[in-house]
A.B. asks: 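Below is one structure. I have some questions about it.
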Amino acid sequence: MADSGFTSSTRAVPAASGVPRHIAIIMDGNGRWAKKRFMPRVAGHSRGVDTVRATIRSCMDRGVEYLTLFAFSSENWRRPADEVSFLMQLFIKSLQKEVDRLHENGIRFRVIGDVSRFDKKLVDVIHAAEALTAGNTRFNLTIAANYGGRWDILQAVSKVLAKHPGEDVPVTEEALEAELSMSFAPEPDLFIRTGGEQRISNFLLWQLAYTELHFTDTLWPDFNAKALGRAIESYQGRERRFGRTSDQVKDAASAGRHA
């Protein structure tokens, strides 16, 4: 399964898919999960890594092709310094432990976000994992770290303008999308946020334009295959019109069946 590249749902109607090709998740609730058990917040983050592993497996079993996880936002630097430090070390240890398994299972690993703020050791581990898995095509795992949707759009605009210094060139959707962090992937079909909050928190602002949103009270460490199944069932029950009427959607589906 080679990367298909970004295709804008505001310019063309995507092909219908019973199983979401691309799922994006905000993994929320680690700290609250730990607090409920009278454990330090960092214990929830550690448990959350197990959920990541299980979610990758469940997505692959269901035929999902792309999974994008919001691990650390550009606003998360505002958290207590000791928690941020723990998260950075957890990222390093988890990646070092899991990268060989990802590679053996044909999973391509990427990190999107401004990694320049991370320690050199973490950056080196990220680059090594990306290089090792670069040729894999079975599944795409992307981790958003020090990522923000506004940052993504701004850096894309800057790259477009840098290609035409001193020229009065309009920034088109096509040119901008080619420079977005996730230009290699189709738009997410399904967005999931665990933990009960109902907002997208500066995550994939451009890419989520026509994504189906699913919010669950389940805390991330408790998110399992059944919870993923419920989210996908919710997605399958939606009528994805992309600006069209219901009758147009039905006519297009009927034409597709008789083509």
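Hydrogens, waters and symmetry mates play no part in the numbers below; they use all other heavy atoms, side chains included.
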A.B. asks: Once the angle between the rings of Phe72 and Phe118 is folded into 0 to 90°, is it parallel (under 30°), tilted (30 to 60°) or perpendicular (over 60°)?
C.D. replies: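 Rings of Phe72 and Phe118: perpendicular, as their planes differ by over 60°.
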
A.B. asks: Tell me which one of Arg108, His22, Arg110 satisfies side-chain contact (heavy atoms from CB on, under 4.5 Å) with Thr142.
C.D. replies: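 So the option named by the test is Arg110.
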
A.B. asks: Please tell me whether Ser234 and Arg238 have a donor and an acceptor in their side chains that are separated by less than 3.5 angstrom.
C.D. replies: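 Yes, side-chain donor-acceptor contact under 3.5 Å.
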
A.B. asks: If every non-hydrogen atom of Ala231 is compared with every non-hydrogen atom of Ile192, which pair is closest and at what distance?
C.D. replies: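 Ala231 and Ile192 have their closest heavy atoms at CB-CD1, 3.6 Å.
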
A.B. asks: Looking at Ser158 and Leu154, would you say the former's side chain and the latter's main chain have a donor-acceptor pair under 3.5 Å?
C.D. replies: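 Pair found, side chain donor or acceptor close to backbone of Leu154.
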
A.B. asks: Do the side chains of Arg101 and Glu98 get close enough for a salt bridge, i.e. N-O under 4.0 angstrom?
C.D. replies: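 Glu98 and Arg101: salt-bridged.
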
A.B. asks: Indicate the atoms forming the closest heavy-atom contact of Leu67 with Cys59, along with that distance.
C.D. replies: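 Looking at all heavy atoms of both residues, the shortest contact is CD1-SG, 4.1 Å.
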
A.B. asks: Of all residues at least two apart in sequence or in a different chain, which pass the side-chain contact (heavy atoms from CB on, under 4.5 Å) check with Val160?
C.D. replies: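 Checked Val160 against side-chain contact (heavy atoms from CB on, under 4.5 Å); matches are Val171, Ala175, Glu179.
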
A.B. asks: Looking just at side-chain N and O atoms, do Asp114 and Gln155 make a donor-acceptor pair shorter than 3.5 Å?
C.D. replies: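 Side chains of Asp114 and Gln155: no pair found under 3.5 Å.
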
A.B. asks: Any side-chain heavy atom of Gln207 sitting closer than 4.5 Å to one from Leu180?
C.D. replies: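 Yes, close enough: below the 4.5 Å cut-off.
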
A.B. asks: So does Arg150 have more than 12 non-hydrogen atoms from other groups sitting under 6.0 Å from CZ?
C.D. replies: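 Not more than 12 within 6.0 Å, no.
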
A.B. asks: Shared ILVMFWY cluster between Leu95 and Phe139, side chains joined below 4.5 angstrom?
C.D. replies: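 Hydrophobic grouping puts Leu95 with Phe139.
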
A.B. asks: With the threshold set at 4.0 Å, does a side-chain nitrogen-carboxylate oxygen contact exist between Lys121 and Asp124?
C.D. replies: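 Asp124 and Lys121: not salt-bridged.
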
A.B. asks: Is a donor from one side chain sitting under 3.5 angstrom from an acceptor on the other, for Ser201 and Arg193?
C.D. replies: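 Judged by distance alone, the side chains do pair up.
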
A.B. asks: Given the rule in the side-chain contact (heavy atoms from CB on, under 4.5 Å) test, do Glu233 and Tyr235 qualify, once you have shown the distances and angles that lead to the verdict?
C.D. replies: CA-CA 5 Å; Glu233 287 172 5; Tyr235 162 83; over 6 Å; no

A.B. asks: Is any side-chain heavy atom of Pro221 closer than 4.5 Å to one of Asp50?
C.D. replies: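 With C-beta onward as the side chain, the pair stays apart.
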
A.B. asks: Using side-chain contact (heavy atoms from CB on, under 4.5 Å) as the criterion, point out the one residue from Val111, Asn202, Ile112 that pairs with Tyr147.
C.D. replies: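 Result for side-chain contact (heavy atoms from CB on, under 4.5 Å) with Tyr147: Ile112.
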
A.B. asks: Is there a donor-acceptor pair closer than 3.5 Å between any side-chain N or O of Arg138 and the backbone N or O of Asn105?
C.D. replies: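 The answer is yes, because a donor-acceptor pair under 3.5 Å joins these two groups.
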
